[in-house]
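Okay, structure first, notes after.
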There are 2 protein chains.
Amino acid sequence: MDHCSACVVRNSAICSALDMDEIALLGKMGRHHKLVAGQTLMWEGEDSLLVANIIDGVLKLSTSLADGREQIVGVVYPSDFIGRPFGARTQHNVTALTDAHICSFSSSDFDRFARAHPELEHKLLERTLAELDRTRRWLLLLGRMTASEKLAHFLLDMSARLVKQDCRAAGPADAFDLPFGRQQIADILGLTIETVSRRLNDFKAQGLIEVPSRRRIEILNRAGLESITDAV
Amino acid sequence: MDHCSACVVRNSAICSALDMDEIALLGKMGRHHKLVAGQTLMWEGEDSLLVANIIDGVLKLSTSLADGREQIVGVVYPSDFIGRPFGARTQHNVTALTDAHICSFSSSDFDRFARAHPELEHKLLERTLAELDRTRRWLLLLGRMTASEKLAHFLLDMSARLVKQDCRAAGPADAFDLPFGRQQIADILGLTIETVSRRLNDFKAQGLIEVPSRRRIEILNRAGLESITDAV
DNA sequence: CGCCTTTCTTGACGCGCATCAAAGAAAGGC
DNA sequence: GCCTTTCTTTGATGCGCGTCAAGAAAGGCG
């Protein structure tokens with residue numbers, strides 16, 4: 001796979017830990033893959049057979065209860081890594097939210113390669129530590145915040161992640177398109193779709209945001225949103 | 001520090017990745033430390049100056065909001081590892097729940113040593129991946145479970161972790177002492193202390209558990225508790 | 001042992017968010 | 001273009017859990 005030299009995430013994915021020769025070696029084991037929005041790549045509970053780098057698109061990690069209640073436990077973006085190396089069972093579903101490109105490896109191939117390349121493992125460790133920090137902050141959100149606080153937090157977080165890559169000419173500075181529908185926002189924040197809709201309209205009524213189309217958000221008053229998350 | 005050869009967690013802590021020579025080297029950098037119950041070892045937001053292995057005792061990781069709401073985001077037991085290697089800021093408070101012994105290292109010493117010893121980093125990676133899996137399941141609990149489901153889950157989880165090390169002669173099989181007070185259980189589950197107390201008494205009234213003293217739990221009907229967590 | 005502090009329980013009450021229901025808006029198919 | 005399907009909004013209602021307020025039990029300590 002000589003795609004690697006042209007890969008758009010080559011300098012930000014974990015591959016950046018490797019030199020040219022190593023990349024070539026790893027590249028031979030990788031398979032480029034295309035996912036359509038809605039497609040599920042891995043299922044909760046099944047053996048962990050593959051891992052992958054996200055080249056393009058957004059995917060969700062989710063778990064659910066027997067009666068259908070669902071919780072999104074992670075969202076991954078280009079250059080992120082998905083899958084569970086080192087022999088455990090997959091703990092959550094992995095589903096594409098948008099059309100996506102990934103570069104996948106067989107778990108066993110990847111595990112073997114990683115153990116032989118400490119720099120790669122180190123990169124993976126740093127990513128995993130950062131993801132653990134982020135997930136722990138999320139516990140605070142789910143366990144202790146009100147619906148408004150959750151949503152304000154969510155919007156600010158999304159703007160931090162999404163604004164840069166959104167280069168629409170017109171419109172105010174803090175504008176972006178969410179890769180989520182209302183139900184998915186609810187599944188991220190531990191709310192119902194109705195509550196998400198209502199609080200979003202409250203924000204609109206307060207002049208904090210504008211919602212020109214279903215998935216588009218424009219932040220009109222960032223300080224106002226921040227004051228909601230400040231937890232006086 | 002020649003304590004290492006006599007260390008009780010030597011075969012289960014991350015040190016188990018190392019051979020005798022390496023352990024001796026790492027041991028020289030480590031300092032044995034004693035904590036009393038309630039003592040806070042690290043503070044949210046401060047620079048990450050040390051990491052440590054837990055030798056004995058139980059500690060909590062917690063974050064809080066400006067108005068005092070608190071969420072426990074992790075609980076660590078003997079042989080677990082605490083602190084944030086590789087240069088980030090500490091994201092949560094670390095507080096001893098019981099008297100505790102730890103073996104601590106300066107972050108910078110440890111980072112340098114770890115980067116030079118891939119086997120150690122690998123062990124740390126496996127631990128971090130497992131902790132991330134556990135934390136993500138916790139998201140499901142906080143985001144989507146009712147108070148009773150949360151508590152039943154909690155009790156079963158605690159029994160899995162605590163029963164083995166509790167060798168009190170008398171009493172039924174599934175008996176253990178929690179290292180938590182009611183408030184701490186509430187802070188783990190995203191509830192209030194009153195709700196914890198009420199649901200616990202419900203379980204008692206249903207004959208599922210017995211609570212002979214404040215911190216002691218005896219599971220009388222495990223299947224009954226499990227059916228609560230099954231989410232029909 | 002008695003006093004004091006801390007922790008836990010119990011009750012009354014109300015709010016926030018879920019639930020149930022239905023209408024409205026956007027998107028996709030042909 | 002119209003029709004169907006899917007997603008979102010809006011309204012009415014109710015329950016679960018939080019909040020507020022005592023009171024009871026358990027520890028700690030002189």
Side-chain angles (χ1 to χ4, degrees), chain A residues 36-38 60 65 67-71 95 97-99 141-155 177-205 209-217 228 231-232, chain B residues 36-38 60 65 67-71 97-99 141-155 177-206 209-217 228 231-232:
Chain A
V36 299
K60 68 170 181 179
L65 295 170
D67 62 1
R69 280 173 285 175
E70 177 174 330
Q71 177 68 46
T95 307
L97 294 176
T98 63
D99 290 347
L141 181 143
L142 287 180
R144 292 302 188 198
M145 289 188 189
T146 65
S148 295
E149 289 168 344
K150 286 176 174 180
L151 253 171
H153 230 89
F154 171 78
L155 292 175
D177 286 303
L178 293 171
F180 313 108
R182 296 286 180 273
Q183 182 61 60
Q184 284 151 359
I185 298 176
D187 289 340
I188 289 173
L189 301 177
L191 299 169
T192 58
I193 186 173
E194 295 93 333
T195 298
V196 171
S197 180
R198 278 187 249 267
R199 291 295 93 79
L200 231 35
N201 280 343
D202 291 351
F203 287 174
K204 211 164 91 179
I209 62 170
E210 195 46 67
V211 188
S213 77
R214 285 188 164 180
R215 297 194 165 206
R216 185 146 187 93
I217 299 284
I228 293 175
V232 183
Chain B
V36 299
K60 68 171 181 179
L65 296 170
D67 62 1
R69 281 173 283 175
E70 177 174 328
Q71 176 67 46
L97 295 175
T98 64
D99 290 347
L141 181 142
L142 287 179
R144 292 302 189 198
M145 289 189 190
T146 65
S148 296
E149 289 168 345
K150 285 176 175 180
L151 253 172
H153 230 89
F154 172 78
L155 291 175
D177 286 303
L178 292 171
F180 313 108
R182 295 287 180 273
Q183 182 61 60
Q184 283 151 1
I185 298 175
D187 289 341
I188 289 173
L189 301 177
L191 299 169
T192 58
I193 186 173
E194 295 94 331
T195 298
V196 171
S197 180
R198 279 187 249 267
R199 291 295 94 81
L200 231 35
N201 281 343
D202 291 351
F203 288 174
K204 210 164 91 179
Q206 295 166 52
I209 62 170
E210 196 47 68
V211 188
S213 77
R214 286 189 163 180
R215 296 196 166 204
R216 185 146 188 94
I217 298 284
I228 291 175
V232 182

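Lettering of chains follows the sequences in order, A, B, ..., and the numbering in each one begins at 1.
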Check: Counting only non-hydrogen atoms, which of residues 188-198 of chain B are less than 4.0 Å from DNA chain C?
Finding: B:Glu194, B:Ser197, B:Arg198
Check: In a check of side chain to side chain contact (heavy atoms under 4.5 Å, CB included) between A:Leu189 and each of A:Asp187, A:Leu191, A:Thr192, which one passes?
Finding: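 With A:Leu189 as partner, A:Asp187, A:Leu191, A:Thr192 yield a single side chain to side chain contact (heavy atoms under 4.5 Å, CB included), made by A:Leu191.
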Atom of [X], atom of [Y] and distance for their closest heavy-atom approach:
X        : Y        : value
B:Leu97  : B:Ala37  : O-CB, 3.7 Å
A:Ala152 : A:Ile228 : CB-CG2, 3.8 Å
B:Met145 : A:Leu65  : CE-CD2, 3.8 Å
B:Pro179 : B:Thr98  : CB-CG2, 4.2 Å

How would you label the contact of [X] with the nucleic acid (heavy atoms, under 4.0 Å): base, sugar-phosphate, or nothing?
X        : answer
B:Arg215 : nothing
B:Arg214 : base
A:Ser213 : nothing

For [X] and [N], what is the distance between atoms [atom1] and [atom2] respectively, to the nearest whole Å?
X        : N      : atom1 : atom2 : value
B:Arg144 : C:dA18 : CZ    : P     : 8 Å
B:Asp202 : C:dT10 : CG    : C1'   : 12 Å
A:Gln71  : C:dA18 : CD    : C1'   : 15 Å
A:Arg199 : C:dC15 : CZ    : P     : 15 Å
B:Leu200 : C:dT9  : CG    : P     : 7 Å

Next item on the list: Apply side chain to side chain contact (heavy atoms under 4.5 Å, CB included) to the pair A:Leu151 and A:Ile185, showing each step before the final yes or no.
Entry: CA-CA 9 Å; A:Leu151 253 171; A:Ile185 298 176; 4.3 Å; yes
Notebook entry, point to check: If you find the nucleotide of DNA chain D closest to A:Arg182 and the one closest to B:Pro212, which residue's nucleotide is nearer the 5' end?
Noted result: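 Looking at the nearest nucleotide for each, A:Arg182 comes out on the 5' side.
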Item checked: A:Arg144 side chain to B:Gln71 backbone, donor-acceptor under 3.5 Å ->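 Side chain of A:Arg144 to backbone of B:Gln71, a donor-acceptor pair under 3.5 Å: no, none is there.
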Check: Taking any atom under 4.0 angstrom from a heavy atom of chain B, which nucleotides of DNA chain D are the first and last to qualify, 5' to 3'?
Finding: D:dC17 to D:dA26
Note to self: Show me, range against range, the stems involving DNA chain C, built from at least 3 consecutive Watson-Crick or G-U pairs below 3.5 Å.
What the structure shows: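 Stems for DNA chain C, defined as runs of 3 or more consecutive pairs: C:1-30 with D:1-30.
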Notebook entry, point to check: Which residue, A:Thr146 or B:Lys204, contacts DNA chain C at a nucleotide closer to its 5' end, judged by nearest heavy atom?
Noted result: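 Taking each residue's closest nucleotide, the earlier one in sequence belongs to B:Lys204.
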Note to self: Could you measure the distance from the CD atom of A:Glu149 to the CG atom of A:Leu141? Nearest 0.5 Å is fine.
What the structure shows: 8.5 Å
Check: With A:Ile193, which residues qualify under side chain to side chain contact (heavy atoms under 4.5 Å, CB included), at least two apart?
Finding: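 Applying side chain to side chain contact (heavy atoms under 4.5 Å, CB included) to A:Ile193 gives A:Arg182, A:Gln183.
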Please list every donor-acceptor pair under 3.5 Å in which a side-chain atom of residues 196-204 of chain A meets a protein atom from a residue at least two apart or in another chain.
residue  : atom : partner  : partner atom : Å
A:Arg199 : NE   : A:Asp202 : OD2          : 2.9

